[in-house]
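Here's the structure, in structure tokens; my notes come after.
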2 protein chains.
Amino acid sequence: MKRRRAKRSAAAAKKGRFPAADTLALGQLDNHLGYFVRRLQIWIFQDFIRTLAPMKVRPAQYSVLLIVEANPGRTQASVGQKLGIERARLARLLHELERRKWVARHANGSDARSHSLYLTVEGEKALVKIKQLAEQHELNLRALLGQKRHRQSLDWLRDFA
Amino acid sequence: MKRRRAKRSAAAAKKGRFPAADTLALGQLDNHLGYFVRRLQIWIFQDFIRTLAPMKVRPAQYSVLLIVEANPGRTQASVGQKLGIERARLARLLHELERRKWVARHANGSDARSHSLYLTVEGEKALVKIKQLAEQHELNLRALLGQKRHRQSLDWLRDFA
DNA sequence: TATTGTTATACTCTATAACTATA
DNA sequence: TATAGTTATAGAGTATAACAATA
């Protein structure tokens with residue numbers, strides 16, 4: 001429906017049916033990097049969700065799957081800290097990933113309070129498809145920004161993080 | 001409490017009290033620009049909210065105030081379209097700004113369905129302070145990224161939008 | 001028929017507190 | 001006392017649908 005609305009707006013704008021919002025001035029907003037970063041981030045999430053729709057995976061879920069894949073056996077606390085996800089939120093997020101049989105929580109021998117996280121075999125298989133779709137999303141983003149800007153931005157922001 | 005948590009983590013990490021989450025690998029996440037854009041965007045919003053706390057203004061409210069200031073008399077529909085805010089959400093957001101006497105909705109002569117938006121005198125006065133705080137936030141962001149990257153990013157993203 | 005603005009509902013994400021079981 | 005994980009609640013933001021008034 002995002003697309004439906006956009007189409008309708010474009011058509012209506014062509015016919016000049018409502019005051020052209022395109023002509024509104026940004027004012028001081030034009031000097032705030034945060035505004036543009038936010039707009040880009042929204043574009044990215046929408047494209048990600050749309051591209052990954054066949055697997056019904058959202059950005060936060062995807063980030064957890066990749067971290068668990070790259071760091072099997074780590075606890076929820078460390079995964080959450082790495083991604084900046086609150087433990088309360090991560091608990092529910094993992095509940096969903098566990099329900100889908102993609103992630104398993106095992107007892108941690110050295111500390112009975114914590115759970116060690118692993119991908120299941122099923123999770124690994126799903127992740128192959130998921131990564132393919134995510135790669136397509138990244139191509140969409142690269143097409144939007146241009147290869148040079150995409151590469152440069154990645155280098156800059158990796159450095160920041 | 002964001003700061004409190006960070007402080008606690010740093011202290012605990014120094015004492016080596018929990019597995020160093022810093023050493024977790026990002027895996028494929030390291031190649032996704034969206035991940036880093038999201039982290040930066042979160043940093044920006046948190047700094048914005050903290051810096052603007054004296055005026056209790058959130059990013060979306062600030063963007064509406066600036067657009068109305070730069071485009072007095074426009075309708076909710078055009079402001080919403082410009083900022084990518086759904087009309088349902090904008091209605092509630094304006095309700096709050098109206099409650100604080102910063103924005104006024106007037107009848108629109110040419111179309112009885114729509115409301116024309118204006119800053120009140122009180123709103124203009126508040127916006128002076130708000131802009132000063134927002135400027136401080138922008139300086140924080142520039143300090144984070146470095147002046148060159150800040151400028152370059154602004155130019156790139158303005159172009160995209 | 002379509003648009004403006006409103007209210008209502010549902011879901012995601014964030015923030016916080018309270019609780020348990022461990023340490 | 002402090003930490004790991006869970007559950008619950010509240011708020012912002014997003015997405016829809018339905019509605020009244022108007023075009």
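First the proteins, then the strands, lettered A, B, ... as listed; each starts at 1. For clarity, every value in this text was computed on a predicted model and none was experimentally measured.
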I need the residues from residues 88-105 of chain B with at least one non-hydrogen atom less than 4.0 Å from DNA chain D; give them sorted by number, or say none.
B:A88, B:R89, B:R92

For atom CD1 of B:I42 and atom C1' of C:dC13, their distance in whole Å:
9 Å

Neighbours of DNA chain C within residues 59-68 of chain A, by heavy-atom distance under 4.0 Å:
none

State which of D:dA4, C:dC13, D:dA12 makes the closest approach to the side chain of A:R87.
D:dA4

Between B:Q76 and C:dT3, is there a contact of a side-chain N or O with OP1 or OP2 at under 4.0 Å?
no

Atom NZ of A:K56 to atom P of C:dC11: distance rounded to whole Å?
13 Å

Mind jotting down which residue pairs meet the salt bridge (charged side-chain N to carboxylate O under 4.0 Å, His left out) criterion with at least one end in residues 136-147 of chain B? Sequence neighbours excluded, please.
none

Just how far, in rounded Å, is P of D:dT14 from CZ of B:R58?
11 Å

Rounded interatomic separation in angstrom, taking CD from A:Q41 and C1' from C:dT12
13 Å

Residues passing the side chain to side chain donor-acceptor pair (under 3.5 Å) test with B:R105, sequence neighbours excluded, are B:Q76, B:E98

List in chain and number order the residues that pass side chain to side chain donor-acceptor pair (under 3.5 Å) with B:E96, two or more places apart in sequence or in another chain; answer none if no residue qualifies.
B:R99

Residues in side chain to side chain donor-acceptor pair (under 3.5 Å) with A:R100, at least two apart?
none

Could you tell me whether the side chain of B:V64 reaches within less than 4.5 Å of the side chain of B:I85, counting heavy atoms only?
yes

Send over the distance from B:R74 CZ to C:dG5 P, rounded to a whole Å.
12 Å

In whole angstrom, give the distance that lies between atom CD of B:Q81 and atom P of C:dT3.
12 Å

Take the protein atom CG of B:N108 and the nucleotide atom C1' of D:dA21, then report the distance between them rounded to whole Å.
14 Å

Could you state the CH2-P distance from B:W43 to C:dT14, rounded to the nearest angstrom?
17 Å

Determine all donor-acceptor pairs shorter than 3.5 Å in which one atom belongs to a side chain in residues 124-133 of chain B; sequence neighbours excluded.
unit_1 : atom_1 : unit_2 : atom_2 : d
B:K131 : NZ     : B:E69  : OE1    : 3.1
B:K131 : NZ     : B:E69  : OE2    : 2.9

Residue pairs fulfilling ring pair (Phe, Tyr, Trp, His ring centres under 6.0 Å) with at least one residue in residues 47-69 of chain B, sequence neighbours excluded:
A:H32-B:Y62, B:F48-B:Y62, B:F48-B:H137

Which nucleotide wins on minimum distance to the side chain of B:S114, given the candidates C:dG5, C:dT14, D:dT6?
C:dG5

Side-chain heavy atoms nearer than 4.5 Å, only ILVMFWY residues, links allowed to pass through others: does that put A:L144 and B:L40 together?
yes

Check every strand shown and say whether B:I49 touches a base, only sugar-phosphate, or nothing at a heavy-atom separation below 4.0 Å.
nothing

Which residues pass the salt bridge (charged side-chain N to carboxylate O under 4.0 Å, His left out) test with A:R151, sequence neighbours left out?
A:D155

Residues in side chain to side chain donor-acceptor pair (under 3.5 Å) with A:R92, at least two apart?
none

Find out whether B:V103 and B:Y118 are in side-chain contact, i.e. whether some heavy atom of one side chain is under 4.5 Å from a heavy atom of the other.
no

Write down the protein N/O and nucleotide N/O pairs, taken from nucleotides 20-23 of chain C, whose separation is under 3.5 Å; answer none if there are no such pairs.
unit_1 : atom_1 : unit_2 : atom_2 : d
C:dA23 : OP1    : A:A112 : N      : 3.1

Other hydrophobic cluster members with B:W156, side-chain heavy atoms of Ile/Leu/Val/Met/Phe/Trp/Tyr under 4.5 Å, chained?
A:W156

